[in-house]
**Student:** 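Handing you this structure, nothing more for now.
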Amino acid sequence: MNAAEIIDLLAASRGNPVHHVSSDDELRAYTALVLGLEELAPRIARHTNSPTRADYFVHLVERAHRATGYAQLTATALAQRTLVHELPADTFVLVNACLTDAAAYIDGARDLPGDPATPPSGRPTFKNTIEFLHGTLRIGFVEARNRVQAASRLLPHTDVHGVDQPAQFPLLAEQLATGKACPGQLADAARKLERLEPEISQYPNSEDLASQLEAQVAESVREEDPRTTNRLFNAIEVSLEQGVKEPSQDVLRAKVGMFYRGTSAGISEFLLRTRAGDAEVLFSLCAQTDNPRTNAGDRDTLLAQSVSGAGPANGAGNAPGSGVLKNGGTQDQAIPGNGFGAFPDFLVDPATGRPLSNAADAKKLALDPLDPPSSLTGYMNGTSCGPDGLTAAQRHLQGLMNLIKTNGVRGQRAKTPGLPAPRMFILTTVAELEERAAQSGLTSHGQRFTPAELRQQLCNAGAIPIIMNGKSRILDLGTEERFFPDYMRSAILAIYGGCLVPGCTVPPEHCEIHHFDPYSNGGKTEINSGIPACSNHHHGLHAGLFTAVRHADGLFSILLPEFMDPDKKPRRNSYWRQDPKVPPLLF
């Protein structure tokens, strides 16, 4: 049965012998098919006990899954091309009504609303297609973004200038359209190929090379398992790197930097990639912290700082990061060019302060009685502890953190340009301070402390405790200032964590503070009148898309528009704070 027969069977001709198939007929037929699939799949699973039929059913469902994945991307591309995000909110409500009563739509008893007669004016309902998918489908922002990006890579599309563009990766697009490979794996392969484009563009025959690599990847995705395809990508990346002596600026922009990898079990992971010059500076920093005869490598101090989480003291004398030897010499006396090879270069004769030149004498004073690793990587990534109780990696990290924390601390006249002066805000309660609560302190970026870490950090310079449940009367400014000052802004963010609109993950540093009572109408600039919102959702509050309401406890919640939340329940953003008194995150 072809599509025309399915449409005629499910949507019919409505009694009109000269009926022409419309887009609504196609949508009604597709709606009927979806409802049928939703009912048929569990029935087959309940009524079939044959392994042969189970085998057929598994393959059939996989085929349907691939077809649906392709349809998902085509729908995303259609939404982007037709500017769905600019539809008025009333249209979204009427569309949801058709989805709720799908049977009436199939029968023709209910119709979809018409398109707006005039171009939209003012602020659109959603900023873009990603926000539309995120807000209406109740999927994560990353998933919505991935769909939009995959659609532009694997399907013909219209760019931001309205110009029609072919699929970025035509061979992968062919695999998607014919259902020969999993849509998710094809989207992942397209993303990785796009990431390799800066390296490919460095070659004189870049277009031919790109086509050849895409052909290899397309064949691997179709014929091999994902692990084999990942190995292929690793081999391609290594080959591309070996063929170019000097990386381009595009490559540097794509690869160099500090990348956050997430937090698990209280341990946060960052990936740091640098060029040779910056790497040498880091190696120098590590070497200084490895030298126990300098202030930078003072073993007792580093151990105490690592255990307590404290930063460097801001006293007189040599800075913790200096290479000045504690006995008055300089680090230049260390063996030059030795690196981490024959024996550590921080070993000096206690009597003279001169570096030891005899390997046997050096071994007698070595912190690690075993032979040092033969490679720099092995040494720096080793997990064995020295007599000071720290691994080399812990020591190097502590030296880096000490260097960062010295900028802008009390006693310095000015901050160093280009070097941030990080501040730590710790949100806590009186019960936590009195050790009567199981919950630990929470930072403004969602990092949670153990009770021991909380007590240690509150003793450190640069850690600012914000005690919750306290009165805000002293911080209130009335109408003297329109904009919320930093200390008031910090208190408001301490209450809500970040943007109050459910699903928003914009960091608190990028949030603005919205007046619950408009400042132009006499609203006050005070703690209990401030609502944190990112720039986009702040505009949404002013445009009436979102509504802020105050609870009996004095805190605010958000009412989402009807098409996003038909129940119109007050909600808060559970991404930043978990609150059992209000409904959980909507999407």
Side-chain angles (χ1 to χ4, degrees), residues 73 76-77 130 142-143 145-157 159-161 163 165-177 180-262 269-283 375-378 380-381:
L73 293 185
T76 299
I130 297 175
V142 174
E143 170 64 20
R145 182 198 62 194
N146 289 345
R147 287 189 192 180
V148 171
Q149 292 177 346
S152 65
R153 293 167 183 148
L154 297 173
L155 296 174
H157 58 280
D159 63 17
V160 294
H161 304 292
V163 179
Q165 300 289 345
Q168 185 176 355
F169 300 102
L171 298 180
L172 296 180
E174 180 183 357
Q175 306 270 10
L176 176 68
K180 293 181 179 178
C182 174
Q185 295 177 21
L186 290 170
D188 185 58
R191 177 181 59 82
K192 292 180 178 179
L193 278 174
E194 185 179 66
R195 195 167 57 188
L196 290 175
E197 284 183 345
E199 285 93 337
I200 296 173
S201 64
Q202 299 177 106
Y203 287 81
N205 56 341
S206 57
E207 293 186 4
D208 293 339
L209 178 60
S211 298
Q212 294 172 11
L213 294 178
E214 184 186 353
Q216 294 180 29
V217 170
E219 181 181 1
S220 179
V221 173
R222 184 182 68 250
E223 302 292 342
E224 306 291 347
D225 61 278
R227 182 177 298 180
T228 301
T229 304
N230 287 335
R231 287 200 292 266
L232 172 62
F233 271 109
N234 292 336
I236 291 174
E237 189 168 2
V238 170
S239 298
L240 291 174
E241 290 177 350
Q242 292 176 345
V244 176
K245 295 182 179 179
E246 182 66 25
S248 67
Q249 288 299 318
D250 289 339
V251 173
L252 295 178
R253 278 191 291 268
K255 289 194 170 184
V256 173
M258 184 172 69
F259 305 90
Y260 176 56
R261 303 292 293 273
E269 181 179 356
F270 292 85
L271 175 64
L272 185 65
R273 297 197 189 112
T274 71
R275 297 205 68 184
D278 292 333
E280 181 60 28
V281 174
L282 290 173
F283 285 139
S375 69
L376 177 60
T377 302
M380 296 189 68
N381 297 343

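Basis for what follows: all heavy atoms, side chains included, without hydrogens, waters or symmetry-related copies.
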**Student:** Please tell me whether Ser201 and Ser206 have a donor and an acceptor in their side chains that are separated by less than 3.5 angstrom.
**Tutor:**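 The criterion, which ignores hydrogens and geometry beyond distance, is not satisfied for Ser206 and Ser201.
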
**Student:** Measuring from atom CD of Glu194 to atom CD1 of Ile200, what distance do you get when rounded to the nearest 0.5 angstrom?
**Tutor:**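 Those atoms lie 11.0 Å apart.
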
**Student:** Distance from Glu219 atom CD to Gln175 atom CD, nearest 0.5 Å?
**Tutor:**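 One finds 9.0 Å between CD of Glu219 and CD of Gln175.
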
**Student:** With a sphere of 6.0 Å drawn around CD of Glu269, does it hold more than 12 non-hydrogen atoms of other residues, nucleotides or ligands?
**Tutor:**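 Enclosed: over 12 neighbouring heavy atoms sit under 6.0 Å from CD of Glu269.
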
**Student:** Distance from Thr229 atom OG1 to Arg222 atom CZ, nearest 0.5 Å?
**Tutor:**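 Reported value, rounded in 0.5 Å steps: 11.0 Å.
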
**Student:** For a side-chain hydrogen bond (donor to acceptor under 3.5 Å, both in side chains) with Gln168, tell me which candidate from Glu214, Arg153, Gln149, Glu197 qualifies.
**Tutor:**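 So, applying the side-chain hydrogen bond (donor to acceptor under 3.5 Å, both in side chains) to Gln168 and each of Glu214, Arg153, Gln149, Glu197, only Glu197 qualifies.
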
**Student:** Using 0.5 Å steps for rounding, measure from the OG atom of Ser220 to the CD atom of Gln216.
**Tutor:**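 Separation between the atoms: 9.5 Å.
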
**Student:** Using a 4.5 Å cut-off on heavy atoms from C-beta on, say whether the side chain of Asn230 contacts that of Lys192.
**Tutor:**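 Lys192 reaches Asn230 side chain to side chain.
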
**Student:** Would you compute the distance between atom CG of Leu193 and atom CD1 of Ile236 and round it to the nearest 0.5 angstrom?
**Tutor:**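 Result: 7.0 Å between the selected atoms.
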
**Student:** Donor-acceptor pair, Ser239 side chain versus Ala235 backbone, under 3.5 Å?
**Tutor:**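 Answer holds: yes.
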
**Student:** Would you say Tyr203's side chain and Asp208's backbone share a donor-acceptor pair under 3.5 angstrom?
**Tutor:**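 No, the answer is negative, given that no donor and acceptor are paired below the 3.5 Å cut-off.
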
**Student:** Any idea which heavy atoms bring Gln202 and Pro198 closest together, and the distance?
**Tutor:**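 Distance-wise, the nearest heavy atoms are CG-O, 3.4 Å.
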
**Student:** Between Pro183 and Leu176, what is the shortest heavy-atom contact and its length?
**Tutor:**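 In terms of heavy atoms, the two residues are closest at CB-CD1, 3.8 Å.
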
**Student:** Mind running side chain to side chain contact (heavy atoms under 4.5 Å, CB included) on Asp188 and Gln185 for me, showing each step along the way?
**Tutor:** CA-CA 5 Å; Asp188 185 58; Gln185 295 177 21; 5.6 Å; no

**Student:** Hey, are Thr228 and Asp225 close enough side-chain-wise for a donor-acceptor pair under 3.5 Å?
**Tutor:**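 Checked: Asp225/Thr228 side chains pair up, N/O donor to acceptor below 3.5 Å.
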
**Student:** Within this structure, what is the CG-OG1 distance for the pair Leu155 and Thr76, rounded to the nearest 0.5 Å?
**Tutor:**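 Rounded to the nearest 0.5 Å, the CG-OG1 separation comes to 9.0 Å.
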
**Student:** For a side chain to side chain contact (heavy atoms under 4.5 Å, CB included) with Val221, tell me which candidate from Leu171, Leu232, Leu186 qualifies.
**Tutor:**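 Per the side chain to side chain contact (heavy atoms under 4.5 Å, CB included) rule, the option paired with Val221 is Leu186, out of Leu171, Leu232, Leu186.
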
